[in-house]
Amino acid sequence: MLRRRSSISSTNTSKIRERRFKIVFTGAGTWLKRIGILLIIFLLIYFVFRLLIINNVVCYTNKQPCSQDLENLLVNLKGKNVLFINRNALKDSIKNIFPVDDVKYSFKLPNKLEVNVIGWQEAIPIDTYQVINYPMLSMDVYGGATDSGTWNRPVTEIQNFLNDQEPKSQRLWGKGRLTLDSTVSGTIKDIFVSNQDEDTLSNIYQLTLLSEKYLSNPKIYVLGSRFFLSQDGLPDIIIYIPADLGRVESALQSINYLVTIKKDAKVIDLSFKHPIIK
C-alpha cells in the first residue's frame, strides 16, 4: 500500500513540474515576442529617424540657385533632423540678414532639404564713405556758366576726393538694406554725410540695375542725392535721387543720340523731363 502511494505521489509531482515548465515556457515566449516587436519598432524608428537627417541642402531664389552668402547661412542645417526645424526661426534667421519676402522648404528622401527663397534680388557690392563734408565740385561753383570748359568733369573730382578716404565694403539689397562684406570691392562708391534711408538705398539699387543694363561696365558714384555714371566715350551722367525710373530708362535708351547733340559735352543731366547737356 505504501509503494502505491509513493508511485501516485511521484506522478503528481512530475505533472506539476511539467505544468510549471509549460507556464514558464509560454510566459518566456510571450516576453520574447514582445521584446522582438519592440526591437523591430525601435529599428524602424531608428532607420526612419536616420532618413530624416539632412545631409544635403539645395537652395533656390526665384527658381535660380542661391548666392554663396545664403548657402553659407543654410549650411548649419546639415546633420539636423527635418522634424525639429522651426520654419519661423529659419525664416527669421534669413530675413534678419537678407531682405526677402518668404522662405519655404520641402524635404525629399533620402536626406535632402530643398529651400525656396521668395522675393530675392541679388545684392550689389558697394563701397560706402561717410564723410563730414561733401567735396566741392567745380560744376557747382561755375554752375551758371554756359561753357563747360570752365569746370572739370565731376566724376574725376569725386575720384580724386576718394583717394584720401577709407571705404567700408558692404552689400546693397533691392529693398534698401546694407550688410557688411569685407571680401568684395564695391562697384558703387557711395559718399554720404548722414545715413541714407531704405527708400534712397532702394532707388540707388534700381538705378544701378538700369545703368548696367544700358551701359557697358559704368563706374558709379553716389554723392549725397546725386547719382553719377561714368563710361569711356560718354560724358558723365547725373541723376538726382529719388529718380523717376521710367524716365531714366527712356533717357538711357537714347544716350547714344544725346551724345551727338553736343560733341564736347562733359555732363548729361537726366534728372529732368528733358535731359540737360553741358
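Heavy atoms only: backbone and side chains are in, while hydrogens, waters and symmetry mates are out. These numbers were taken from a predicted model, which means no experiment stands behind them.
The same ILVMFWY cluster, assembled from side-chain heavy atoms under 4.5 Å apart, contains both Leu209 and Leu215. Hydrophobic clustering (ILVMFWY, side-chain heavy atoms < 4.5 Å, transitive): Tyr221 and Phe192 are in one cluster. Hydrophobic clustering (ILVMFWY, side-chain heavy atoms < 4.5 Å, transitive): Val75 and Val57 are in distinct clusters. Linking Ile, Leu, Val, Met, Phe, Trp and Tyr residues whenever their side-chain heavy atoms come within less than 4.5 Å places Ile124 and Leu245 in a single cluster.
For Ser194, the side chain to side chain contact (heavy atoms under 4.5 Å, CB included) criterion is met by no residue, not counting sequence neighbours. Residues meeting the side-chain hydrogen bond (donor to acceptor under 3.5 Å, both in side chains) test with Asp269, sequence neighbours left out: Ser271. Legend: residues meeting side-chain hydrogen bond (donor to acceptor under 3.5 Å, both in side chains) with Gln253, ordered by chain and number and at least two apart, are Tyr214. Scanning for side-chain hydrogen bond (donor to acceptor under 3.5 Å, both in side chains) contacts around Asp102 gives Arg87, Lys91, with sequence neighbours left out.
In this structure a side-chain-to-backbone donor-acceptor pair under 3.5 Å is present from Ser138 to Asn152. A donor-acceptor pair is defined here as one N or O able to donate and one able to accept, closer than 3.5 Å; such a pair exists between the side chain of Tyr134 and the backbone of Val193. One N or O on the side chain of Asn111 and one on the backbone of Ile53 form a donor-acceptor pair closer than 3.5 Å. Of the possible polar contacts, one joining the Lys266 side chain to the Trp151 backbone as a donor-acceptor pair under 3.5 Å is found.
For the pair Phe228/Leu137, a side-chain contact is recorded, criterion being any heavy-atom separation below 4.5 Å from C-beta on. When side chains are defined from C-beta on, Val259 does not count as touching Tyr257, because their heavy atoms never get closer than 4.5 Å. Here the side chains of Lys189 and Pro167 are not in contact, with every heavy-atom distance at 4.5 Å or above. Between Leu270 and Leu252, some side-chain heavy-atom pair lies under the 4.5 Å cut-off. Asn76 is not listed as a side-chain neighbour of Lys78, based on a closest heavy-atom distance of 4.5 Å or more. Counting only heavy atoms from C-beta outward, the side chains of Pro135 and Leu223 approach each other to under 4.5 Å. Between Val58 and Val115, every side-chain heavy-atom pair lies at or beyond the 4.5 Å cut-off. Side chains of Leu201 and Leu178 form a contact here, defined as non-hydrogen atoms less than 4.5 Å apart.
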Hey, mind stepping through Tyr105 and Asn116 against side chain to side chain contact (heavy atoms under 4.5 Å, CB included) and telling me if it holds? CA-CA 6 Å; Tyr105 68 84; Asn116 287 285; over 6 Å; no

Verify side chain to side chain contact (heavy atoms under 4.5 Å, CB included) between Ile268 and Ile276, making sure each step is shown before the conclusion. CA-CA 6 Å; Ile268 298 178; Ile276 297 175; over 6 Å; no

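Residue Asp232 holds its CG atom at 10.0 Å from CG of Asn217, rounded to the nearest 0.5 Å. A distance of 4.0 Å separates OG1 of Thr128 from CD of Gln170, quoted to the nearest 0.5 Å. For the atom pair CG of Asn203 and OG of Ser225, the computed distance is 11.0 Å after rounding to the nearest 0.5 Å. With rounding to the nearest 0.5 angstrom, the CD1 atom of Ile191 is 10.5 Å from the CZ atom of Arg226. Rounded to the nearest 0.5 Å, atoms CD (Gln231) and NZ (Lys219) are 11.0 Å apart.
Closest non-hydrogen pair, Asp127 versus Ser169, comes out as OD1-OG, 3.4 Å. When all heavy atoms of Phe161 and Asn133 are compared, the pair lying nearest together is CZ-O, 3.9 Å. Residues Leu258 and Ala251 come closest through the heavy atom pair CD1-O, 4.0 Å. When all heavy atoms are compared, the tightest approach of Ser211 to Leu207 is OG-O, 2.7 Å.
When each of Gln196, Gln130, Lys168 is tested with Asp190 by the rule side chain to side chain donor-acceptor pair (under 3.5 Å), just one qualifies, namely Gln196.
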If you look only at distance, which donor and acceptor atoms sit under 3.5 Å apart when one is on a side chain in residues 234-244 and the other is two or more places apart or in another chain?
| from | atom 1 | to | atom 2 | distance (Å) |
| --- | --- | --- | --- | --- |
| Asp236 | OD1 | Arg153 | NE | 3.3 |
| Asp236 | OD1 | Arg153 | NH2 | 2.7 |
| Asp236 | OD2 | Val155 | N | 3.1 |
| Asp244 | OD1 | Gly246 | N | 3.1 |
| Asp244 | OD1 | Arg247 | N | 3.1 |

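Residues Ser202 and Asp199 bring no donor and acceptor atom of their side chains to less than 3.5 Å of each other.
Counting only residues at least two apart or on different chains, the salt bridge (charged side-chain N to carboxylate O under 4.0 Å, His left out) pairs with a member in residues 207-218 are Lys213-Glu249.
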